[in-house]
Asker: 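Got a structure here, written out as structure tokens. Questions coming.
The sequence lines fix the lettering, A, B, ..., with proteins before strands; numbering per chain opens at 1. Remember, predicted model here, so these are calculated numbers, not experimental data.
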Amino acid sequence: MNIKHDIPPWFWGAVTFFTGALILSGYFWTTQTQPSPTEEPLLKATLGVEASLLPAAVWISEEKGYFQEYGLDLTIKEFDSGRQSLMAMLEGNQGIDISTVAPTPIMLNSFERSDFSVFGTFVSSYEDVKVIARNDRVTSAEDLRGKKVGTPMGTTGQFFLDAFLTNNAILSSEVEAIDIAPSDLPDALAKGRVDAIVIWEPHGTNAVSLLGDMAIRLPSSDIYNETFNFVSTNAFLKSEPEAVKRFVQAVDAATEFIKQHKEESQEIVATRLNLDTESMITLWEEFTFDITLEQSLIRVLEAEARWAINNDLVESEQMPNYLDYIYLHALEEVKPEAVTIIR
Amino acid sequence: MRIQYKLFINTLVSLVLISFLYVSVFTTTNIISDQEKEHVLASDIQTAVFELNLLLNEYLLHREDRVLEQWNTRHHSGLLLLNKIGTDNRNQDFVRDIRAEYLLLDDLFQKEVENYHYELTLTEEQASAETLGLVTALQERIISQLLITSQSVSSAAQSLEELTYEQTQAAIEQNRILTLLLVLSFFVLTTIISVIVSRSIVKPLLNLEKAVTKFGKGKLDTKIDIQSKDEIGHLASSFNDMATKLEELNKLKDDFLNTATHELKTPLIPIKSQAQLLLGGDYGKLNKKQKNAIEMIARNGDHLNDLVSDVLSITKIRSRKIRLILEEADLGQIISDAVNDMQSIARNKQIDITLSHAENLPLLVIDTKRISEVMHNLLDNSVKFTPEGGRVDVDVSRTQNNVRVTVTDTGIGMDKKTLKKLFTPFFQADSEITRRYGGTGLGLSIAKGFVVSHGGKISAKSAGLGKGSAFTFTLPLKKNLHKPTK
């Protein structure tokens, strides 16, 4: 008996049809569920970034080629602080389109201009900003009365110093705050120009290394959850929304990489910033890497603005509406669940 | 109904049931989907209320205008959600109450904003202690009412979320049970229908198979009782027609053989008697050539007579027309006579025939002539196939219900294939044996027919070619005869 004759010819047709349909649906399903890097022409952008640990996602994305992968030809320019980077961008220097910056410079500039917006917070930490003192002059917060404290004025350092003093029932007027650039602070402390400094990483670790046993860190946890944000001019956000979206995609990919490959990420950042890997590992645990836009950012900006108004750091007494300084579209498109600003 | 229609209906019913199952599962899945949408909406409303509370606290703390903008946007989006929810009738009253409180919350919030802005616009002259007191008292009442309402809306939103969650879980559970019941019902129904359909096809087929098997064993009067009007019914009807025709043809053959053998036998009697008279010299002395010729005529006449008798016997056996003349007889004597009859032939071949039989064998009710013929056939067979100098032993014994007779020889023996067909009419092992030993090939078939007619059994054994044979037949002690069918 010929078995083939027992199977009707339409059966093979049906099998072929269903197999084909299965393969096609599988293809479409996988192509739809797996976001693939864009194959469109690269868009140009320039990023001004603080050369510190905080923008680890930028260093990872640069090393792993995520910017190119997501269709962005990104030029990275390093600055000593986020404030310097922001100012360069706002003043139109060095062609900066996007800047990394902490809330304080954003807040201070918001009283003078409204041509820039935050489009993402990419890292936060309660431990990044620290108070480090010489233990031959200061052993506790109370000892700061009448002492010189160095910090970059107009930055998070200044806001942090005021919050620290308030928490320890010390008036700002009881301390002499001296404006020193972040990278100069460890040396200033070591040479005794100041008795204490308020500084962020990696300068904090550098100061401790420089002073050795003479360094003391004053307890300051939970005072301030520092965030680091991406800011761009409204002109760039309006003219290049696709570039901003691709930038967010690349940073999000880098953030995922950090979560899944911690040690490799630490090595990449340590190499990039020429830091000791061991101290890097300790600092790393203090950061939370995630790209978000949270309601708390607005409250922090408002809190800092009230501080600035109360301390006459700004001329206006009118609180800016920080909703006008937020650009939601890029992150809403890439990762909508990360946007918790009430809307 | 034709088999293909039965199978088509079976498939159609299965397809209808599958479709019903699919529609039922699809419908219940849609119900679950609606419940899940309701639950997602309730969760979103809960989030909206939570965020409004957050904004309320922020506003009461810092009075930032930014909060007003966010409040209005969020309250509006929350209201849209409340307008969407409530497709489930069970939740409509609940949703109506929440909606009322939700609108009240906004109303109070807007009053508080208005009151605060009014306070800001008061000039120093207007801001008398009395006016400020009234404004502050109103503010306190509004804020107090705001906090109570926000708490109430939060609790209600949480309850709605929990309620819709429970409704979704209940719908999933109901769907699970319903699907299980449907699948079980489907399984039972399709099984019942398949069993009914297959039985209506297989049962007639089994009857047909039994009938064909019986027919193949020679029972030509077999008929199939199948009433169905399908292909199997048609086949059974054709089979019955064929069986009837074959039975008629068989009867015609038997009648022909019966008539022919009788007609052949009639002229043999005068041939044989005239040959005996010639040989006895009644018609004068014969010379040697004449004597040889007449002896040959007599011998062939005898052979022809035997052959016709055998054919007549086998015809009667096959048509079950044997009529036994039963009487009480001494089987030992019959066997002893048969052995004696064969002694002279055996002696010519120097074959020794021995007989041993048990004492006090009872008398049996048998047809003496037929049983004697059986015994002669067996002995003739053994002597014929036993070489010179061999031996043939006859043993008669009694068992509980039978008398057993065994004829054992030291003859040429048989292989297994031959043993199987030994009692088939006209069978002989091969043409060489037929040429060498002669015979009609009917002897053993006739012996079997006669023994079986007496209610006995007959069998043969052989250890193989050249190793002799043993034939055994039994006869019942009690009268237990096969009745002729006609």
Asker: List for me each residue that meets side chain to side chain contact (heavy atoms under 4.5 Å, CB included) alongside Ile172(B), sequence neighbours excluded, and say none if there are none.
Answerer: Ile32(B), Glu36(B), Thr168(B), Gln169(B)
Asker: Where does Leu52(B) contact chain A at under 4.5 Å (heavy atoms): side chain, backbone, both or neither?
Answerer: neither
Asker: Would you enumerate the inter-chain donor-acceptor pairs between chain B and chain A whose distance is below 3.5 Å?
Answerer:
{"unit_1": "Glu58(B)", "atom_1": "OE2", "unit_2": "Arg299(A)", "atom_2": "NH1", "d": "2.6"}
{"unit_1": "His62(B)", "atom_1": "ND1", "unit_2": "Arg306(A)", "atom_2": "NE", "d": "3.3"}
{"unit_1": "His62(B)", "atom_1": "NE2", "unit_2": "Arg306(A)", "atom_2": "NH2", "d": "3.0"}
{"unit_1": "Glu64(B)", "atom_1": "OE2", "unit_2": "Arg306(A)", "atom_2": "NH1", "d": "2.8"}
{"unit_1": "Arg66(B)", "atom_1": "NE", "unit_2": "Glu302(A)", "atom_2": "OE2", "d": "2.6"}
{"unit_1": "Arg66(B)", "atom_1": "NH2", "unit_2": "Glu302(A)", "atom_2": "OE1", "d": "2.5"}
{"unit_1": "Arg66(B)", "atom_1": "NH2", "unit_2": "Glu302(A)", "atom_2": "OE2", "d": "2.9"}
{"unit_1": "Glu69(B)", "atom_1": "OE1", "unit_2": "Asn321(A)", "atom_2": "ND2", "d": "2.7"}
{"unit_1": "Gln70(B)", "atom_1": "OE1", "unit_2": "Gln295(A)", "atom_2": "NE2", "d": "3.1"}
{"unit_1": "Gln70(B)", "atom_1": "NE2", "unit_2": "Gln295(A)", "atom_2": "OE1", "d": "3.0"}
{"unit_1": "Gln70(B)", "atom_1": "NE2", "unit_2": "Ile342(A)", "atom_2": "O", "d": "2.7"}

Asker: Give me the atom names and distance for the closest heavy-atom approach of Val135(B) to Asn115(B).
Answerer: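 Distance-wise, the nearest heavy atoms are O-ND2, 3.4 Å.
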Asker: Decide side-chain contact (heavy atoms from CB on, under 4.5 Å) for Ile309(A) and Phe111(A); before the verdict, give the C-alpha distance in whole Å, the side-chain angles of both, and the deciding distance to 0.1 Å.
Answerer: CA-CA 10 Å; Ile309(A) 292 167; Phe111(A) 282 92; 3.8 Å; yes
Asker: Could you pull out all residues at least two apart from Phe8(B) that satisfy side chain to side chain contact (heavy atoms under 4.5 Å, CB included)?
Answerer: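 Per chain and number, Phe8(B) pairs via side chain to side chain contact (heavy atoms under 4.5 Å, CB included) with Leu12(B).
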Asker: Test of understanding: with side chain to side chain donor-acceptor pair (under 3.5 Å), list the residues that count as partners of Thr28(B), not counting sequence neighbours.
Answerer: Asn175(B)
Asker: Are a donor atom and an acceptor atom from the side chains of Gln158(B) and Glu162(B) found within less than 3.5 Å of each other?
Answerer: yes
